[in-house]
Structures are given as C-alpha cells and as structure tokens.
**Student:** 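Okay, here's the structure, questions in a sec.
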Amino acid sequence: MSSPALAFPDLAIDAGPWPPESEAISLGSDTHKRLFCKTLLETFDPYRPAVIDWPKLDDNARDRLTSLPIWDIAVQTENRAGLNVTTYSETISDPLLRKAIELNGFEERRHRHVLANLVEAYGIRLAPEPTYPKPQDPEWAFLVTGYSECIDSFFAFGLFESAKRTGFFPLELVDTFEPVIHEEGRHILFFVNWVAWHRRNMPIWRRPGFELKVLAVWSFLIWERIGIASDVSNGVQDNNFTVTGATQLGADIDVGELLDICLAENDRRLGIYDRRLLRPRFVPAVARLARRFLLRSRD
C-alpha cells in the first residue's frame with residue numbers, strides 16, 4: 001500500500017526557558033502555554049516509520065494479529081486525525097502554539113505510516129481508503145480528534161499492557177509499537193492543556209458557545225461508540241477499539257481487571273510529565289465509577 005511522502009517538521013523556534021519547578025502555573029497564562037508546548041516539542045522522537053524492523057512472527061501470532069478487525073478503521077482514523085489537526089494549525093497565529101500543533105499533526109500522519117508499514121509487513125489487506133475532505137470547522141475537528149484520543153488512548157494503554165501480560169502479541173512486536181503508544185500520551189496531555197488555555201484566552205462572549213461545542217463533541221463521540229458497537233458482531237470494522245480489543249484479547253481478561261490496568265497505565269504514562277500540567281480527567285473518572293459499580297455488584 002503506497003503512502004504519501006512524510007516530510008519531517010521544522011521544530012526550530014525560541015520557546016523560552018522552562019518555568020522553574022518552584023513556580024506556580026496559572027492556567028491560561030503565557031507560562032502555561034510555554035510549558036505544554038515545550039513539553040510536546042522537546043519530547044519529539046525522530047523515528048522514521050520506513051526503517052522500523054518489524055519482527056518475524058510465528059503462525060499463531062501472525063494469525064492473531066491479522067484477524068483483528070481494526071486495521072482499516074485504524075489507518076483511516078490516523079489519516080483523518082492528521083488532516084484535522086493540521087487544518088486547525090493553519091488557523092493559529094501564535095508562533096509557538098502553531099509549531100506545537102503542526103508537530104501534533106505530523107505525528108498523527110506518521111502513525112498512519114507506521115500502521116501502513118505494519119499491515120504491509122504482515123500481509124494484511126485493507127479496503128481502499130476514501131477521500132477525506134478538509135474540515136469546514138477546524139476547531140470542531142480538532143476537538144473531535146483530541147477528545148476521541150482521550151477515550152481511545154486510555155483504553156489503548158490498558159489493552160497494550162494486557163497484550164504484554166497475556167502474551168497475545170510477542171514482546172518484540174509490543175516493543176516495536178511502543179513509540180506510537182507513547183506519543184498518544186503526549187498528545188492527550190497537550191490537548192487537555194490546550195483546551196484549558198484556549199477557553200481562558202477567548203473573549204467572554206465566545207465561551208458559552210465553546211462550552212456547548214465541547215458538550216456536542218462529547219455527545220457525538222459517546223453516540224458514535226454506543227451506536228456502532230453492535231456492528232462488531234456482524235464483522236463490521238468500527239471505532240470502538242475498546243470493545244473490539246478486549247474481545248480479541250481473550251476470556252482471561254476480566255472487565256474490572258482491564259479497568260484497573262487502564263487506570264494504572266494511564267497514571268504511569270502521564271505521571272512522567274510536569275505535575276503542573278493538567279491530565280485528562282473525564283474518562284479515568286468514568287472508569288473509576290464503573291470499577292466501583294462492578295465491585296458492588298459482586299458483593
């Protein structure tokens with residue numbers, strides 16, 4: 001499967017010094033913006049998808065990999081994410097913020113290249129990709145991509161760790177794919193801090209409309225995942241990676257155990273960053289509530 005050329009971004013910009021660790025950060029301040037932008041820019045991993053050495057798999061591992069009904073939608077999702085993020089970056093006048101969002105968009109497109117190389121290496125056949133129109137509302141598109149990643153990354157952290165523990169995938173394959181999972185953590189950290197900064201720096205008259213847009217995005221994403229989950233049993237590929245992934249990992253993974261792993265991995269992966277930066281809260285809070293409900297139902 002051919003992929004368009006992937007040009008590496010120019011990251012040269014004077015982002016200023018790191019805020020001292022002792023300095024309190026006010027959400028929405030220039031210091032806050034500098035901290036979350038520098039965190040993304042200066043943790044960039046310049047790996048090249050074309051030189052990834054995909055490990056040789058035995059027949060059973062290869063069958064498990066190729067049988068996952070996610071590859072078409074995974075490649076398409078990364079393509080759309082790259083387009084959405086890049087389109088939003090074109091509307092940004094602030095040089096530092098624009099540079100960071102451009103990098104975010106590049107990394108989303110690079111994920112698509114990683115997946116394209118993976119499916120080619122293991123002989124996975126994909127459906128032809130549709131043409132993706134440029135989003136008419138760049139802010140809406142960026143919010144959809146960002147909040148969608150907040151959902152998917154939380155569960156991907158747990159499913160990825162579960163695959164390691166159960167041996168569903170060989171350790172060599174898990175290690176090869178680690179940079180993509182790591183980048184998703186950086187993206188959602190950047191996104192939730194951008195949301196906090198953005199809402200505090202827009203005119204007051206715009207804020208009610210923005211909050212309604214955020215609510216509409218969450219409604220759209222929840223409806224999307226609930227509405228299409230029923231297609232899994234009919235062999236239709238969908239965006240509900242959690243349902244699909246948990247089912248494919250086998251009966252040994254209890255839902256409560258999976259939630260515990262997701263919560264632990266979310267804390268571990270995001271815990272390495274500056275404590276003054278916000279972390280995604282909604283999905284972990286819902287997971288903790290669901291975990292509490294599961295524990296009570298067993299009593």
**Student:** Where do Leu189 and Arg279 land on the side chain to side chain contact (heavy atoms under 4.5 Å, CB included) test, with the steps shown first?
**Tutor:** CA-CA 6 Å; Leu189 185 80; Arg279 271 64 171 169; 4.0 Å; yes
**Student:** May I ask you to check whether Trp194 and Phe36 place their ring centers less than 6.0 Å from one another?
**Tutor:**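 Ring-ring flag for Trp194/Phe36: false, centres at least 6.0 Å apart.
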**Student:** Could you tell me whether the side chain of Val214 reaches within less than 4.5 Å of the side chain of Val217, counting heavy atoms only?
**Tutor:**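 No; the side chains remain at least 4.5 Å from each other.
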**Student:** Output, in order, the C-alpha distance, side-chain angles, deciding distance and verdict of side-chain hydrogen bond (donor to acceptor under 3.5 Å, both in side chains) for Ser153 and Arg269.
**Tutor:** CA-CA 11 Å; Ser153 295; Arg269 288 184 175 274; over 6 Å; no
**Student:** Hey, does the Lys NZ or Arg CZ of Arg186 hover above the aromatic six-ring of Phe44, less than 6.0 Å from the centre and inside 45° of the axis?
**Tutor:**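 No; the conditions do not both hold, so Arg186 does not lie above the ring face of Phe44.
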**Student:** Going by the rule ring-ring contact (aromatic ring centres under 6.0 Å, His included), which residues pair with His182 if we only count those two or more places apart in sequence or in a different chain?
**Tutor:**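 In terms of ring-ring contact (aromatic ring centres under 6.0 Å, His included), with neighbours along the sequence ignored, His182 is linked to no residue.
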**Student:** Flag the pair Pro95 / Lys99 as yes when at least one side-chain heavy-atom distance between them is below 4.5 Å, and no otherwise.
**Tutor:**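 Result no, sub-4.5 Å side-chain heavy-atom pair not found.
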**Student:** CG of Leu221 to CH2 of Trp223: how many Å apart, nearest 0.5 Å?
**Tutor:**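 Here the rounded value is 13.5 Å.
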**Student:** Distance from Thr87 atom OG1 to Ile101 atom CD1, nearest 0.5 Å?
**Tutor:**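 Thr87 OG1 to Ile101 CD1: 11.5 Å, rounded to 0.5 Å.
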**Student:** If you count heavy atoms of other groups shown closer than 6.0 angstrom to CD of Glu23, is the number above 12?
**Tutor:**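 Yes, because the 6.0 Å sphere around CD of Glu23 holds more than 12 heavy atoms from other groups.
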**Student:** Parallel, tilted or perpendicular: which fits the ring planes of Phe142 and Tyr88, with parallel below 30° and perpendicular above 60°?
**Tutor:**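 Judged by the thresholds at 30° and 60°, the geometry between Phe142 and Tyr88 is parallel.
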**Student:** Looking at CZ of Phe169 and CG of Leu57, how far apart are the two atoms once the value is rounded to the nearest 0.5 Å?
**Tutor:**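 One gets 9.0 Å once the value is rounded to the nearest 0.5 Å.
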**Student:** For Trp18, does the six-membered ring have the charged nitrogen or CZ of Lys38 within the cation-pi criterion, i.e. under 6.0 angstrom from the centroid and within 45° of the normal?
**Tutor:**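 Yes; both conditions hold, so Lys38 lies above the ring face of Trp18.
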**Student:** Is any side-chain heavy atom of Phe190 closer than 4.5 Å to a side-chain heavy atom of Thr39?
**Tutor:**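 Phe190 does not reach Thr39 side chain to side chain.
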**Student:** Phe210: which residues meet the ring-ring contact (aromatic ring centres under 6.0 Å, His included) condition with it, sequence neighbours left out?
**Tutor:**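 Phe210 satisfies ring-ring contact (aromatic ring centres under 6.0 Å, His included) with His198 only.
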**Student:** Which distance, rounded to the nearest 0.5 Å, do you find between the CD1 of Ile13 and the SG of Cys37?
**Tutor:**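 Answer for the CD1-SG pair, Ile13 versus Cys37, is 8.5 Å.
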**Student:** Kindly work out whether a path of hydrophobic side-chain contacts (I/L/V/M/F/W/Y, heavy atoms less than 4.5 Å apart) joins Leu83 to Leu126.
**Tutor:**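 In one cluster: no.
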**Student:** Check whether more than 12 heavy atoms from other residues, nucleotides or ligands sit under 6.0 Å from atom CD of Glu42, and answer yes or no.
**Tutor:**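 Atom CD in Glu42 is crowded, with more than 12 foreign heavy atoms closer than 6.0 Å.
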**Student:** Just wondering, are more than 12 heavy atoms of other shown residues or ligands nearer than 6.0 Å to CZ in Arg48?
**Tutor:**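 No, not enclosed.
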**Student:** So, is the end of the Arg64 side chain (NZ or CZ) under 6.0 Å from the ring centre of Phe168 and within 45° of the ring's axis?
**Tutor:**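 Yes, Arg64 sits over the ring of Phe168.
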**Student:** Report yes if some heavy atom in the side chain of Phe154 is under 4.5 Å from a heavy atom in the side chain of Ile188; otherwise report no.
**Tutor:**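 No, too far: nothing below the 4.5 Å cut-off.
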**Student:** Suppose we screen for side chain to side chain contact (heavy atoms under 4.5 Å, CB included). Which residues come up paired with Pro133, at least two apart in sequence or across chains?
**Tutor:**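 So Pro133 forms no side chain to side chain contact (heavy atoms under 4.5 Å, CB included) with any residue.
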**Student:** Between Phe191 and His187, does the ring centroid distance fall short of 6.0 Å?
**Tutor:**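 For Phe191 and His187, the ring centres are not under 6.0 Å apart.
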**Student:** So, Ser26 and Arg200: side-chain donor and acceptor under 3.5 Å apart, yes or no?
**Tutor:**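 Side chains of Ser26 and Arg200: no pair found under 3.5 Å.
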